[in-house]
Chemist: 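Following this message is one structure expressed as C-alpha cells.
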Amino acid sequence: MKEFQVNGVNLQCYPLTAAQRIHNYSIKYCPYHQLLNIGTGLYIRQETDFDILREAIYEAINRFESMRLRFLKDEDDTVYQYLVPFDDRDIPFYDFSNWNEEDAHNEMRKWTAVPFRRFHSPMNQIVMIKLPDGYNGIYLKVDHMTMDSSSIIAFNKDVLEIYCAKRYGTDYPKPLQSYIKALEKDLAYEAGSPAKQRDEEFWTGEIEGDEPIYTDFNGMGRLITQRRENNNPNQRSAVVTSLTPEASISVFQLEKEPSDRLMKFCQDNHVPMATLLLMGLRTVLSKFNNDEKDVSIKSCVARRGTLLEKFSGGTRIHFFPLRTIIEPETTFLDGLKIIQEGQNRIFRHANFDPIEFTMRRAKYRKFQPGASYESISLTYQPLTIKDDTAPVPDIPYKSFWYTNGVAAQPLYLTVMHHVEDGGLSFNFEYQKNVVTDYEMEYLYYYLCRVLFRGIEDGNRTVGEILEMV
C-alpha cells in the first residue's frame, strides 16, 4: 500500500490483485482498449419513477465500494487503485420508446465499445433507459478490473431493492461488505502466506506432471496442421489465438422446461450445475476429437465462498485448467463425480495467480506464443435478479449482455439463467477470425444432445453417449 496525492488529497492506494492483473495484462498488450468493457441492461415492464430510480442508483453506488474505484499509475508504470469517498456525477436518461427495439440495443452496443479513460476516472457508466412496450431500466457499462458478473448482478439487485423500498415501502436491502477488506485479505495472501506456498506446490505439481493434449471445439484439424507445420508428430499443445481480437456473441436460449429438467437432475443427484455443464462440454470436445479421453477446459472459479467475498463487489474470477481423463466405460454419473473431484482440487488452490501459473506452464512446456491445451473457457453464473426474496417477484424482466466488439480469448462460454423464467442462456463470445457463428450453433447443438442423453439415464456410459450423439 502507498500514499499518493490525488487532487490535493492524500489517499491510500493499493496494488492490483491477481484477478485484476489478469485484465491489466490483457489491456497492456491489446490496442483495443474497450477489451475490458462489460455492457449489460436490466429492464422491467412497469411504469417507472425515474427520479426515484436516480436516487436509488446514487445510493447503490455509494453502498457499493467497487463502483467508486479509480486507478493511477506511478513513475515506475505500476498501476494502483483507490476509492473516492462519493460519486455524484450525472445519471443521464435516454428515451428509446419510439425506436425499433433492436436499434436501441444496437445503440447501446456502440456505447459498450467506447473505452474508459484508464486513470483518475470513473470506470463505469450508468444510463436510465426507456424501451418500447413499457420496459424501463438501466444500462450499465463497467470495466472488468472493477467488477465481474457476480458484482454486476449484485449491484443491479441492490438498485432494484432500494428503488422498491423507496417507492413501495418494501424491506430495505441489507448492508454490503467492504471491498477494501476483501482486497486487503487478497493482498495478505499474496505477501508470502503459508496458504500461497501450499498452492504454489500444488500448481507446480500440476505443471510438471504428465502432459495433457489439446482438444479443439472444431475437431482435430488445428492440432494436426500445427504438428505438420512444426514437423512434430507428438506435439500436444496448439495455438488458437488471433492477432485480430474482433469479437461477436452468439446467444442461444434454452426454454424453461428443458432447463428445469437439467436443474432437477442436479438436485436429485446432488450435482452442481457447473459440474453438469463441464461434463457436457468435455464430452462434446471428446466427440469432436476422435473420442479423446483426455480433455482440458479452462474453468472459471468465482472465489466467492465467504460472506465478505460474496457481497464486497470487485472482480474475483480466476481461470484454471480442469483436466479430466474419462474412459468410455465410465457412466455419466461417475464422470460427474470425476469432474466434481477435479473442481474441488482446483477450488482449494484457486487463490494462486493464474497469470503466474500460465507463464510457468508455458516456460516448462516450451510453448509457442499463444499455445495452450484448452480451446474453450466456461463460466456458470447461478445468481439471478429474480428470486424468492425479490421485493416484486411478478414483474416481467428483460436482461441483455452487450458485446464490446473484441475478446481476449478465442472462445468463452457463459451460461446464465434468464431473469424472466429461470431458463438457461448460453452466451458464446468468440474471436471472429478463429470461430464462426455456425460453429457455435453446431457446438451448442451437440452440447444439448450430450446433456439430455446423459440426464435421461445417469448409468449410460460415456461411450454409449458418444455413439448416440
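Side chains included, hydrogens not; waters and symmetry mates left out as well; all remaining heavy atoms used. Quantities reported herein were computed from a predicted structural model and do not represent experimental measurements.
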Chemist: Name all residues meeting the salt bridge (charged side-chain N to carboxylate O under 4.0 Å, His left out) criterion together with Arg109; count only those two or more places apart in sequence or in a different chain, and write none if there are none.
Modeler: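 Residues passing salt bridge (charged side-chain N to carboxylate O under 4.0 Å, His left out) with Arg109: Glu102.
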Chemist: Phe428 vs Phe426 aromatic rings, parallel, tilted or perpendicular, using cut-offs 30° and 60°?
Modeler: parallel
Chemist: Would you indicate whether Asn344, at its atom CG, is surrounded by more than 12 heavy atoms from other residues, nucleotides or ligands within a distance under 6.0 Å?
Modeler: yes
Chemist: Is there a donor-acceptor contact under 3.5 Å linking the side chains of Ser312 and Glu65?
Modeler: no
Chemist: From Asn218 CG over to Tyr442 OH, what is the distance, rounded to the nearest 0.5 angstrom?
Modeler: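 So the CG of Asn218 and the OH of Tyr442 are separated by 8.5 Å.
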Chemist: With respect to Asp148, which candidate in Arg316, His23, Arg304 satisfies the side-chain hydrogen bond (donor to acceptor under 3.5 Å, both in side chains) definition?
Modeler: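 Of the listed options, the one satisfying the test is Arg304.
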Chemist: Determine whether the aromatic ring centres of residues Phe4 and Tyr80 are separated by less than 6.0 angstrom.
Modeler: yes
Chemist: For Tyr380 and His417, I'd like to know if the aromatic rings sit close, meaning centre-to-centre distance below 6.0 Å.
Modeler: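 Yes; His417 has its ring centre under 6.0 Å from that of Tyr380.
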Chemist: Do Glu3 and Asn10 have side-chain heavy atoms sitting under 4.5 Å apart?
Modeler: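 Touching, per the 4.5 Å side-chain cut-off.
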Chemist: Do Asp74 and Lys2 meet the salt-bridge criterion of a basic N to acidic O distance under 4.0 Å?
Modeler: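 Counted as a salt bridge, because a side-chain N and a carboxylate O are separated by less than 4.0 Å.
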Chemist: Got a donor-acceptor contact below 3.5 angstrom from the Gln431 side chain to the Ala407 backbone?
Modeler: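 Such a contact is found between Gln431 side chain and Ala407 backbone.
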Chemist: Quick check: are there more than 12 heavy atoms from other residues, nucleotides or ligands sitting under 6.0 Å from CZ of Arg117?
Modeler: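 12 or below, so no.
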Chemist: So, Trp99 versus Tyr94, ring centres under 6.0 angstrom or not?
Modeler: no
Chemist: Can you label the angle between the Tyr139 ring and the Tyr402 ring as parallel, tilted or perpendicular, going by 30° and 60°?
Modeler: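 If you compare the ring of Tyr139 with that of Tyr402, the planes turn out tilted.
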Chemist: Can you establish whether the number of heavy atoms outside Arg360 located under 6.0 Å from its atom CZ is more than 12?
Modeler: yes
Chemist: Quick one: do the Glu101 and Tyr43 side chains pair a donor with an acceptor below 3.5 Å?
Modeler: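 Glu101 vs Tyr43: no donor-acceptor pair found between side chains.
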Chemist: Would you check if Gln12 and Ile180 make a side-chain contact, meaning some heavy-atom pair closer than 4.5 Å?
Modeler: no
Chemist: State whether the side chain of Lys141 and the backbone N or O of Val114 hold a donor-acceptor pair below 3.5 Å, judged by distance alone.
Modeler: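 The answer is yes, because a donor-acceptor pair under 3.5 Å joins these two groups.
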Chemist: Phe320 vs Trp203 aromatic rings, parallel, tilted or perpendicular, using cut-offs 30° and 60°?
Modeler: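 Ring orientation, 0 to 90° scale: parallel.
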Chemist: In terms of ring plane angle, is the pair Tyr444 and Phe252 parallel, tilted or perpendicular, where the classes change at 30° and 60°?
Modeler: parallel
Chemist: Would you tell me whether Thr275 and Gln343 have side-chain atoms, one donor and one acceptor, within less than 3.5 Å of each other?
Modeler: yes
